[in-house]
Amino acid sequence: MTTVDMKDIVSLCKRRGFIFPASDIYGGINGFWDYGPLGTELKNNLRDRWWKDMVLTPPIGPDGTPLQMFGVDTSIIQNPKLWKASGHIDGFSDPMLDCRETKKRYREDKLIVYKPKDGQGNAIVFHEDAESDEIEKRIKKISKGQSVDNYEKTSLKNIDTTDYENLIGPDTKTAGTLTEPREFNLMLHTFLGATGGEENKAYLRPETCGSIFTNFKNIVDNSRGKIPFGIAQIGKAFRNEVTPRNFIFRSREFEQLEMQFFCDPKDNIKEWFNFWKDYRKNWWLKIGLSDNHLNFHEHTEDDLAHYAKEGVGAYDIEYQFPFIAPGFDELEGIHDRSQFDLSQHEKFSGKKMQYQNLETNEWYTPYVIETSAGLTRGVLALICQAYTVDENRPSGMYMNFHPSMAPKKAAILPLTAKDGHPEVAQKLYLEMREHMVVDLDIKQNIGKRYARQDEIGTPFCITIDGQTLEDQTVTVRERNTMAQERVHLDNVTEYVKKRLV
RNA sequence: GCGAGUGUAGUUCAAUGGUAGAACGACAGCCUUCCAAGCUGUAUAUGCGGGUUCGAUUCCCGUCACUCGCUCCA
């Protein structure tokens, strides 16, 4: 396997207009990226393909009937109670602090402090479950013989941060190694209303699925949703990642392709789960990711998300990104969320989130299988997969995008800038651009123009030459093989179209 | 968030306490040609802020960004 350096990928992305650092002229901003002309096309191609294959023409179910799927596009900001119900607000809002020396991290509320009653000397910090003889021993040692009685016990919250320099951390002997406690909630928040204060706090969604669940009843009641069915959504999501890193892989603003599939708890959940798992992996294969770069990772009991504890399992589809190779990193999760979300929303909203089987009149809370893919991670995977080193061509490499994903489908290149070539080229360009994204490039020599198209992964280059004027044929060059074929002008749009699927 | 490193044209690199160079890319002109990016020319850079200094891209401090290792990832 050839390993591609992320550095080369990042510089190509900037040089050719795929992806730029956000607010580049101001020095960038950690965790945010802008999509340039080609990156936008690529992302749209991936997004549209997902929407088609999931919503417009969803797969045929295991029993041979086409699945019912509904598309929604919900607001990024929702009532904060939604995130309370989903567990996102409480799940990760503890103030934490670090020890600079030992690199350990502590929850503020789990630490207790022994402060000298006379105010002389350092205060000593312990973990809340420290044994009393352990406390006694350590205090004696550090204070050179003083007893616990000379110390008063308090919680870390009562210590002013200006006094932190006099604190001795739980796992060290030196004072002043603890950092100030920091909120570690990973949700981005904002304030609603022009004068919004704390009471008007709202959150930018950390995933798109929350509002899929809250629309469950609308779909059932107003869109004739009959279980089993799915609700799908594409949209932005935001997380205050501790360490945004690896180009667009972990960014604070990203885009998701999410689908929640609601089924009868009496169904064979495992069968549905496997159905989606296989369908989703094959989908990535269809759009050009190679099998040996894809991997299924099954979550163990310990790292299951809070919503997935009850279910039949959780799998990640992982891709072998260059920055982690030979390891893999998550591209899409297929998780059994069981009845967690609908039950939670029923509890918090007081609205019945159940489904009635009208044939049996039986009410139940549906089971949910989630497929949650990162659109922006998908773009990165496509780019990494496509980057192909080839020392035998002028560009030194080419982007081997699947034709259906390539940002530009064809480039029209008159061999010379005179002799009537540009006129023919422009006519063809105006025809073809009605059907696909095409480039018209007239200037400079042909080798240079081929090389440029190779670098951005255009699958077909169409050349108008002397012979075109005689017999109305053009040459079509295929990117990967560089082989050429003569095609009549009347057929060239169809010729390319057929090869984009 | 911690630790280490890096920061010079669009990209990849050079150089210097005293005028910042190249290659590729871009653009213009020439060539009119089917691929080792033809020929000529033009424009473009020391991340940002402060300090030291007669003078800082170079030394120092801060900051921002990127890379690597930790940490985190509902």
Side-chain angles (χ1 to χ4, degrees), chain A residues 5-8 10-17 20-33 36 83 86-94 96-105 177-187 206-207 209-210 237 239-247 249-250 252 303-309 314 316 323 329-330 333 335 337 340 372 390-396 398 413-422 442-455 461-467 474-477 479 482-484 486:
Chain A
D5 201 331
M6 273 315 281
K7 215 176 66 175
D8 297 328
V10 173
S11 79
L12 177 86
C13 281
K14 184 163 189 193
R15 192 155 49 84
R16 286 305 186 188
F20 309 118
S23 1
D24 202 6
I25 63 166
Y26 292 105
I29 179 164
N30 194 353
F32 297 89
W33 301 88
W83 306 117
S86 67
H88 287 97
I89 289 181
D90 296 332
F92 223 93
S93 61
D94 309 307
M96 312 270 269
L97 57 150
D98 296 307
C99 175
R100 294 192 191 89
E101 189 183 295
T102 62
K103 310 299 175 212
K104 292 203 172 173
R105 170 165 293 169
T177 63
L178 295 178
T179 64
E180 289 178 24
R182 278 176 302 264
E183 283 285 335
F184 261 71
N185 194 309
L186 293 194
M187 278 202 287
E207 54 184 14
C209 71
R239 293 182 196 184
N240 245 329
E241 299 288 356
V242 176
T243 312
R245 209 172 271 196
N246 291 325
F247 199 29
F249 180 79
R250 174 164 286 124
R252 290 186 166 136
D303 56 28
L304 279 179
H306 66 284
Y307 54 74
K309 298 283 188 208
D316 289 344
F323 54 76
D329 228 329
E330 183 182 359
H335 295 181
R337 297 184 76 115
F340 177 83
S372 170
D390 180 358
E391 282 158 10
N392 295 320
R393 60 177 80 205
S395 50
Y398 64 103
L413 314 171
L415 196 56
T416 74
K418 52 188 192 185
D419 299 337
H421 295 179
I442 295 175
K443 293 196 166 185
Q444 295 179 321
N445 77 56
I446 192 68
K448 205 164 188 168
R449 283 178 283 164
Y450 281 148
R452 187 182 296 151
Q453 296 301 331
D454 283 347
E455 268 197 332
C461 286
I462 299 159
T463 308
I464 287 102
D465 58 12
Q467 196 182 329
V474 294
T475 63
V476 181
R477 169 192 183 265
R479 178 194 60 207
M482 296 192 275
Q484 290 186 318
R486 283 208 91 85

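Residue numbers begin at 1 in each chain, while the letters A, B, ... track the order of the sequences.
- No donor-acceptor contact under 3.5 Å links the side chain of A/Ser11 to the base of B/G10.
- Considering only heavy atoms from C-beta on, A/Pro206 comes within 4.5 Å of A/Trp83 through its side chain.
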Checklist outcome for this item: Quick tally for nucleotides 42-48 of chain B: nucleotides whose base has a protein heavy atom under 4.0 Å get B, sugar-phosphate-only ones S, the rest -, giving -------
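- A/Asp316 is linked by a side chain to side chain contact (heavy atoms under 4.5 Å, CB included) to A/His297, A/His299, A/Glu318, A/Glu330, A/His335, counting only residues two or more places apart in sequence or in another chain.
- Residues that satisfy the salt bridge (charged side-chain N to carboxylate O under 4.0 Å, His left out) test with A/Asp24, not counting sequence neighbours, are A/Lys14.
- When distances are taken from the side chain of A/Leu186 to each of B/C35, B/C73, B/G1, the shortest belongs to B/C73.
- Annotated stems with RNA chain B as a participant read B:1-7 with B:64-70, B:10-13 with B:21-24, B:26-30 with B:38-42, B:47-51 with B:59-63, given as range with range, by first number; only runs of 3 or more Watson-Crick or G-U pairs under 3.5 Å qualify.
- Here the side chain of A/Met482 is nearest to one of B/C35, B/G10, B/U32, namely B/C35.
- Taking atom OH of A/Tyr398 as the reference point, atom C1' of B/A36 lies 17 Å away to the nearest angstrom.
- One can place CD of A/Glu455 at 14 Å from P of B/U11, the figure rounded to the nearest angstrom.
- Applying the 4.0 Å criterion to OP1 and OP2 of B/U11, one finds that A/Lys14 has a side-chain N or O inside that range.
- Whole-Å rounding puts the A/Gln453 CD to B/A37 C1' distance at 13 Å.
- The interatomic distance linking A/Lys7 (NZ) with B/G10 (C1') rounds to 16 Å, in whole Å.
- Set against B/A37, B/C35, B/G1, the side chain of A/Arg245 has B/G1 as its closest nucleotide.
- Between the side chain of A/Arg449 and the backbone N or O of A/Gln444 there is at least one donor-acceptor pair closer than 3.5 Å.
- Once rounded to the nearest 0.5 Å, the distance linking CG of A/Asn445 with CG of A/Leu415 reads 9.5 Å.
- Nearest to the side chain of A/Phe323, among B/C68, B/C35, B/G1, sits B/C68.
- Looking at heavy-atom distances under 4.0 Å, A/Met6 makes no contact with the nucleic acid at all.
- Using atom C1' as the reference point in both B/A36 and B/C73, the two lie 47 Å apart (nearest Å).
- Scanning both residues, A/Trp33 and A/Pro21, for their nearest heavy atoms gives CE3-CA, 3.6 Å.
- Nucleotides B/U40 and B/A23 have their P atoms positioned 11 Å apart, rounded to a whole Å.
- Separation of the C1' atoms belonging to B/C39 and B/U32 is 13 Å when rounded to the nearest angstrom.
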Checklist outcome for this item: Reading nucleotides 25-30 of chain B from 5' to 3' and marking B where a protein heavy atom lies under 4.0 Å of the base, S where only the sugar-phosphate is that close, and - otherwise, the string is SS-SS-
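- Using a 4.0 Å heavy-atom criterion, one finds that A/Glu330 contacts no nucleic acid atom at all.
- Separating the CZ atom in A/Arg477 from the CD1 atom in A/Ile446 is a distance of 9.0 Å, to the nearest 0.5 Å.
- Nearest nucleotide to the side chain of A/Asn246, out of B/C68, B/C73, B/A37: B/C68.
- Not counting sequence neighbours, the partners of A/Lys7 by the side chain to side chain contact (heavy atoms under 4.5 Å, CB included) test are A/Asp5.
- Separating the P atom of B/U63 from that of B/G5 is a span of 15 Å, rounded to the nearest Å.
- Between the CG atom of A/Asp5 and the C1' atom of B/C13 there is a distance of 15 Å, given to the nearest Å.
- In terms of the side chain to side chain contact (heavy atoms under 4.5 Å, CB included) criterion, residue partners of A/Ser395 (sequence neighbours excluded) are, by chain and number, A/Arg393, A/Ala451, A/Asp454, A/Glu455.
- In this structure, CG in A/Leu413 is found 9.0 Å from CZ in A/Arg452, a value given to the nearest 0.5 Å.
- With sequence neighbours excluded, the residues satisfying side chain to side chain contact (heavy atoms under 4.5 Å, CB included) with A/Thr475 are A/Thr463, A/Asp465, A/Gln484, A/Arg486.
- Comparing A/Asp419 and A/Ala451 along RNA chain B, the residue whose closest nucleotide (by nearest heavy atom) sits nearer the 5' end is A/Asp419.
- With C1' as the reference atom, B/U12 and B/G51 are 33 Å apart, rounded to whole Å.
- A/Phe323 meets the ring-ring contact (aromatic ring centres under 6.0 Å, His included) test with A/Phe249, A/Phe321; sequence neighbours excluded.
- At the heavy-atom level, A/Arg449 lies nowhere under 4.0 Å from the strands shown.
- Taking atom CZ of residue A/Arg393 and atom P of nucleotide B/C35, one finds them 14 Å apart after rounding to whole Å.
- With hydrogens and angles ignored, a donor-acceptor pair closer than 3.5 Å exists between the side chain of A/Arg477 and the base of B/C35.
- Atom P of B/U52 sits at a distance of 27 Å from the matching atom of B/A65, rounded to the whole Å.
- Evaluation of atom-type donor-acceptor distances gives a pair under 3.5 Å for the side chain of A/Gln484 against the base of B/C34.
- Residue-level contact check: A/Asp24 touches neither bases nor backbone, having no heavy atom under 4.0 Å from any strand.
- Spacing between B/U16 and B/U67 at atom P, rounded to whole Å, works out to 28 Å.
- Distance CZ/A/Arg252 to OG1/A/Thr243: 8.5 Å, rounded to 0.5 Å.
- Nucleic acid contact class of A/Ile446 (heavy atoms, under 4.0 Å, all strands): sugar-phosphate only.
- The same atom, P, is picked in B/C61 and in B/U6; the two are 13 Å apart, to the nearest Å.
- For the pair A/Asn445 and B/A37, the criterion of a side-chain N or O lying under 4.0 Å from OP1 or OP2 is not met.
- Take the nearest nucleotide of RNA chain B for A/Phe247 and for A/Arg486: the residue whose nucleotide is more 5' is A/Arg486.
- As judged by a 4.0 angstrom heavy-atom cut-off over every strand, A/Arg250 is placed among the base-contacting residues.
- With sequence neighbours excluded, no residue satisfies salt bridge (charged side-chain N to carboxylate O under 4.0 Å, His left out) with A/Arg245.
- To the nearest 0.5 Å, atoms CD (A/Glu207) and CZ (A/Arg239) are separated by 6.0 Å.
- When distances are taken from the side chain of A/Trp33 to each of B/A37, B/C66, B/C73, the shortest belongs to B/C66.
- With distances taken from any side-chain atom of A/Thr243 to the nucleotides B/C34, B/U71, B/U32, the minimum falls on B/U71.
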